[in-house]
Amino acid sequence: MSIQINSEEFQVTEHFLQYVQIDTQSDPYSESFPSTEKQKNLAKLLLKQLLELGIKDAELDEHGYVFATIPSNTNKKIPTICFCAHMDTSPDCSGLDVKPLIHKNYQGADIILPDDPKQILRESEHPDLAKQYGNDIITASGTTLLGADNKAGLAAIMDAARLLLNHPEIKHGDIRILFTPDEEVGRGVEKLDMKKLAADFGYTVDGETLGSIENETFSADEVIIRIQGISVHPGFAKDTMLNALKVAGQLLDSLPKDRLSPETTSEREGFIHPVAIQGTVEEATLHFIIRDFDDNKLRDHETELRNLTETIVSGYPGCTYEFIVHEQYRNMKNVLKDFPQVTEIGIEAMERLHINPILRSIRGGTDGSRLSFMGLPCPNIFAGEHAFHGKQEWVSVQDMQKAVLTIMMISKIWEEKS
């Protein structure tokens, strides 16, 4: 049995257009939580909208998490299911003054973004556009990211909540809604109170292509290397100065050129990726992210980077370094393999909606990566977001509508199978 929703009933596009115009960019170098206070501007709007739907327990806590419950409308005992999306956008591209544009009835022509005509969405560079003929494409105007990652997920969950409340004939158990800050900087559930969340299983709505469902992510660590040089007046530096910036530059230049980088790897290959450098003659700090699907290989990559650092620094007697590893998240498949029904119900929901499910691994992570290890097995389902973290980010209106239906169908199937 499918779910009958008329196209005019959806409000996911209206929600999305509203959310993306609120700047929620997170900051990887902030020590506060959330990393930017402006994320709470969107959190407050989401809370207001949930309360307006009649959800009495909607709450925004001091850390910026938004919680809410769609109460069960059945007498069955059903696991509590959580749907989660994150409010922040990537630090990699500005999210200030986003101007969303709707390109109706896409037919394959290049999409030129008006505020920077050099930004052109071409089908040859965005192959998923070939599946969007006749659909409506939303982009930004060319000077910012769009924020589809993950405001498409926010909008889909919000609209699914509204429609479930408006269609009591669709039976479901208790559904918990969770909106998180700081996912993009790897801290999305760092302060989350799992007892307050009180859910049994979950789904993040933070995926890309229509039909995608992901039950495996990278394992991820951050590595910080601090190189300590010796600074003296440059006029008197002969045989004395040790320039930490030059040592750092040599280390970067010594990284593998044909492997172990994002630009040379695909599928299940991991990488060592420098993402930032700061410094002076006296001290330079390099930030890396290390990724692999296999935890043992992750450690091998870190060992290779450590050995390379030791080799480079040892060539400069008197120069020292620190090598600091911070765990970020681990491959959620290590947990989800013990709860196959969570992924299976996601797949069945798509099949019932005549969406072709695409079960795959993601070369990245979601809040679900950490949630799974915190006791909430949590695969990731599509929200329709594409080309995230850049000015050519886009989303399809019709794919967001199908994400709404998928959330509703997952809720329905859990009720049926209980």
Side-chain angles (χ1 to χ4, degrees), residues 26-30 35 90-93 125 145 149 183-187 216-231 237 241-331 361-366 369-370 387-392:
S26 48
D27 179 0
Y29 304 113
S30 168
S35 64
S90 170
D92 296 341
C93 185
E125 298 169 358
L145 50 65
D149 178 12
E183 190 268 359
E184 295 289 1
V185 294
R187 299 171 60 194
E216 182 174 29
T217 62
F218 273 144
S219 288
D221 285 342
E222 175 191 34
V223 171
I224 299 172
I225 300 174
R226 292 197 182 97
I227 297 172
Q228 193 72 37
I230 298 174
S231 176
M241 178 184 286
L242 291 174
N243 192 322
L245 289 170
K246 289 184 177 180
V247 179
Q250 185 176 343
L251 173 58
L252 291 174
D253 188 56
S254 299
L255 293 171
K257 304 291 192 299
D258 57 354
R259 63 184 182 89
L260 283 183
S261 65
E263 59 269 32
T264 61
T265 55
S266 62
E267 297 181 352
R268 299 188 62 79
E269 298 170 311
F271 54 74
I272 299 169
H273 181 38
V275 294
I277 180 171
Q278 304 93 26
T280 63
V281 170
E282 187 170 55
E283 183 178 280
T285 302
L286 300 97
H287 298 261
F288 291 80
I289 59 172
I290 315 295
R291 302 288 188 263
D292 207 288
F293 290 101
D294 184 300
D295 289 359
N296 291 325
K297 290 183 179 178
L298 186 77
R299 287 188 285 272
D300 289 343
H301 302 332
E302 289 163 3
T303 298
E304 181 167 348
L305 180 58
R306 188 189 296 270
N307 291 341
L308 185 60
T309 304
E310 174 64 29
T311 298
I312 297 300
V313 172
S314 66
Y316 297 86
C319 188
T320 60
Y321 72 94
E322 293 179 89
F323 192 96
I324 304 161
V325 179
H326 293 142
E327 180 176 319
Q328 292 181 312
Y329 55 84
R330 288 295 179 262
N331 187 343
S361 305
I362 182 172
R363 286 177 60 82
T366 69
S369 304
R370 290 183 66 178
F388 20 76
H389 298 192
K391 295 175 183 176
Q392 296 186 20

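These values consider heavy atoms only, across backbone and side chains, with no hydrogens, waters or symmetry-generated copies. Counting begins at 1 with the first residue of the sequence.
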N/O donor-acceptor pair under 3.5 Å between [X] side chain and [Y] backbone:
X	Y	result
Gln250	Val247	no
Arg370	Gly186	yes
Lys257	Asp253	yes

Is any side-chain heavy atom of [X] closer than 4.5 Å to a side-chain heavy atom of [Y]?
X	Y	value
Tyr29	Gln278	yes
Pro91	Val185	yes
Asp292	Asp300	no
Pro256	Glu304	yes
Arg268	Glu216	yes

Separation between [atom1] of [X] and [atom2] of [Y], rounded to the nearest 0.5 Å:
X	Y	atom1	atom2	value
Ile290	Ile272	CD1	CD1	5.0 Å
His389	Asp149	NE2	CG	4.5 Å
Glu282	Ser231	CD	OG	5.5 Å
Glu183	Ser26	CD	OG	8.5 Å
Thr303	Glu310	OG1	CD	13.0 Å
Gln228	Thr320	CD	OG1	5.5 Å

Exercise. For Thr311, what residues pass the side chain to side chain donor-acceptor pair (under 3.5 Å) criterion, not counting sequence neighbours?
Worked result: none

Give me the atom names and distance for the closest heavy-atom approach of [X] to [Y].
X	Y	result
Ile227	Cys319	CG2-SG, 3.6 Å
Thr366	Thr217	N-CG2, 4.5 Å
Ala248	Ala284	CB-CB, 4.0 Å
Ser219	Leu298	O-CD1, 3.6 Å

For this session: Check the angle between the aromatic planes of Phe271 and Phe218 and answer parallel, tilted or perpendicular using the 30° and 60° thresholds.
Result: perpendicular

For this session: Apply side-chain contact (heavy atoms from CB on, under 4.5 Å) to Leu252 and list each qualifying residue two or more places apart in sequence or on a separate chain.
Result: Leu255, Pro274, Ile277, Leu286, Phe288

For this session: Decide if atom CD of Glu267 counts as having more than 12 heavy atoms of other residues, nucleotides or ligands within a radius under 6.0 Å.
Result: no

Exercise. Does Asp221 come within less than 4.0 Å of Arg330, counting only side-chain N to carboxylate O?
Worked result: yes

Sequence neighbours left out, cut at 3.5 Å: what donor-acceptor pairs do the side chains of residues 322-329 make with other protein atoms?
from: His326; atom 1: ND1; to: Glu222; atom 2: OE1; distance (Å): 3.2
from: Gln328; atom 1: OE1; to: Arg291; atom 2: NH1; distance (Å): 2.8
from: Gln328; atom 1: OE1; to: Arg291; atom 2: NH2; distance (Å): 3.2
from: Tyr329; atom 1: OH; to: Gly365; atom 2: N; distance (Å): 3.2

Exercise. Given the side-chain rings of Tyr316 and Tyr321, with only the six-membered ring counted for Trp, is the space between their centroids under 6.0 Å?
Worked result: no

Exercise. Cut-off 3.5 Å, side chains only: do Arg363 and Thr265 have a donor facing an acceptor?
Worked result: yes

